[in-house]
Peer 1: 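Encoded as structure tokens, here's the structure I'll be asking about.
Residues: numbered from 1 along the sequence shown.
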Amino acid sequence: LLSNNWLDLNSTVAQPTNPTNRVATNTYYRVAVAGGKNINLPIPNWAGGNDYPYATDGGLGNFLRFLEDWTGKKLNYQGSLVSLYYSTYATGPFKCCTYSVYTPPIRNYVFDSDFAVPQGLPPGTPMFRDIDALSYRQSFNSRTY
């Protein structure tokens, strides 16, 4: 998500690798986002089980991506976040806490209750009315009729 302070000039011409050139401002969004998330990575043996951030994709807080320096700024997001598939891009481990990848905003995320009923969904929302079996597996559960 880009703040109201975003300028393409700062990201492509004026030192594009320097995030301090891209300072965000408090911004408001009301939107539904459907996308893919990364598969959680297993904790490697060399991490000794103590490097928890390595084994995650950043979770919900990292589902919306940021390209600006949001230090002390607030992102007010009202909407719905849906993960429909596993991502095929940007699938590396989430670099929390020890690397300076970006500075996230103060997150004020709220679910928009309009999305709880079909009449409140945005135009073009996919509607799933049937199920296509893409694979089969054996079920050992007993059934009573």
Side-chain angles (χ1 to χ4, degrees), residues 1-139 141:
L1 297 176
L2 302 174
S3 78
N4 293 331
N5 208 28
W6 176 262
L7 292 174
D8 285 339
L9 177 67
N10 289 342
S11 68
T12 58
V13 179
Q15 300 177 349
T17 59
N18 185 357
T20 59
N21 271 352
R22 301 182 304 266
V23 179
T25 186
N26 294 341
T27 302
Y28 296 82
Y29 276 94
R30 185 174 185 222
V31 64
V33 177
K37 69 176 277 312
N38 294 346
I39 299 172
N40 283 349
L41 301 171
I43 298 174
N45 291 335
W46 52 263
N50 296 324
D51 199 4
Y52 178 74
Y54 180 87
T56 71
D57 63 351
L60 176 66
N62 203 35
F63 190 73
L64 301 175
R65 301 297 177 108
F66 306 103
L67 299 174
E68 298 167 278
D69 180 1
W70 286 83
T71 303
K73 304 299 190 279
K74 186 182 277 190
L75 172 66
N76 298 288
Y77 174 83
Q78 181 177 356
S80 178
L81 302 172
V82 180
S83 179
L84 297 174
Y85 53 86
Y86 287 125
S87 179
T88 56
Y89 295 99
T91 58
F94 176 59
K95 297 176 181 157
C96 175
C97 312
T98 57
Y99 301 98
S100 178
V101 177
Y102 71 95
T103 306
I106 300 166
R107 296 175 175 109
N108 182 26
Y109 293 178
V110 177
F111 175 71
D112 190 340
S113 60
D114 285 349
F115 294 128
V117 293
Q119 298 83 356
L121 296 174
T125 298
M127 300 295 278
F128 301 101
R129 296 170 194 239
D130 63 341
I131 299 173
D132 291 331
L134 301 176
S135 65
Y136 297 95
R137 63 182 172 83
Q138 185 174 1
S139 175
N141 297 333

Peer 1: Kindly write out the residues that satisfy side chain to side chain donor-acceptor pair (under 3.5 Å) with Asn76, not counting sequence neighbours, or none if the list is empty.
Peer 2: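 If we apply the side chain to side chain donor-acceptor pair (under 3.5 Å) test to Asn76, skipping adjacent residues, the hits are Asn108.
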Peer 1: Which residues pass the side chain to side chain donor-acceptor pair (under 3.5 Å) test with Asn4, not counting sequence neighbours?
Peer 2: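 For Asn4 there are no side chain to side chain donor-acceptor pair (under 3.5 Å) partners, ignoring immediate neighbours.
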Peer 1: List in chain and number order the residues that pass side-chain contact (heavy atoms from CB on, under 4.5 Å) with Ile106, two or more places apart in sequence or in another chain; answer none if no residue qualifies.
Peer 2: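 Result, side-chain contact (heavy atoms from CB on, under 4.5 Å) vs Ile106: Lys74.
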Peer 1: Of all heavy-atom pairs between Ala24 and Trp70, which one has the smallest distance, and what is that distance?
Peer 2: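 Closest approach of Ala24 to Trp70: CB-CD2, 3.4 Å.
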Peer 1: Tell me, please, which residues at least two apart from Ser83 pass side chain to side chain donor-acceptor pair (under 3.5 Å).
Peer 2: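 Applying side chain to side chain donor-acceptor pair (under 3.5 Å) to Ser83 gives none.
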Peer 1: Looking at side-chain heavy atoms only, is the closest gap between Phe66 and Arg107 below 4.5 Å?
Peer 2: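 Result yes, sub-4.5 Å side-chain heavy-atom pair found.
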Peer 1: Do other residues, nucleotides or ligands put more than 12 heavy atoms under 6.0 Å from the OH atom of Tyr28?
Peer 2: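 Atom OH in Tyr28 is not crowded, with 12 or fewer foreign heavy atoms closer than 6.0 Å.
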Peer 1: For Val33, check side-chain contact (heavy atoms from CB on, under 4.5 Å) against everything at least two apart and list the hits.
Peer 2: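 With sequence neighbours excluded, Val33 shows a side-chain contact (heavy atoms from CB on, under 4.5 Å) to Val31, Phe63, Leu64, Tyr77, Leu81, given in chain and number order.
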Peer 1: Could you name each residue pair satisfying salt bridge (Lys or Arg N to Asp or Glu O under 4.0 Å) that touches residues 108-122, not counting sequence neighbours?
Peer 2: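 For residues 108-122, and leaving out neighbouring residues, the salt bridge (Lys or Arg N to Asp or Glu O under 4.0 Å) pairs sorted by first residue read Arg30-Asp112, Arg30-Asp114.
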Peer 1: For Thr27, give me all partners under side chain to side chain donor-acceptor pair (under 3.5 Å), at least two apart in sequence or on another chain.
Peer 2: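 Thr27 satisfies side chain to side chain donor-acceptor pair (under 3.5 Å) with no residue once adjacent residues are dropped.
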Peer 1: Would you say Asn5's side chain and Thr25's backbone share a donor-acceptor pair under 3.5 angstrom?
Peer 2: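 Checking the backbone N and O of Thr25 against the side chain of Asn5, no donor-acceptor pair under 3.5 Å is found.
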Peer 1: Going by the rule ring-ring contact (aromatic ring centres under 6.0 Å, His included), which residues pair with Phe115 if we only count those two or more places apart in sequence or in a different chain?
Peer 2: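 Testing Phe115 for ring-ring contact (aromatic ring centres under 6.0 Å, His included), a comparison that skips the adjacent residues, returns none.
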Peer 1: Mind checking the CD-OH spacing from Gln78 to Tyr109? Nearest 0.5 Å is all I need.
Peer 2: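 The OH atom of Tyr109 is 14.0 Å from CD of Gln78, to the nearest 0.5 Å.
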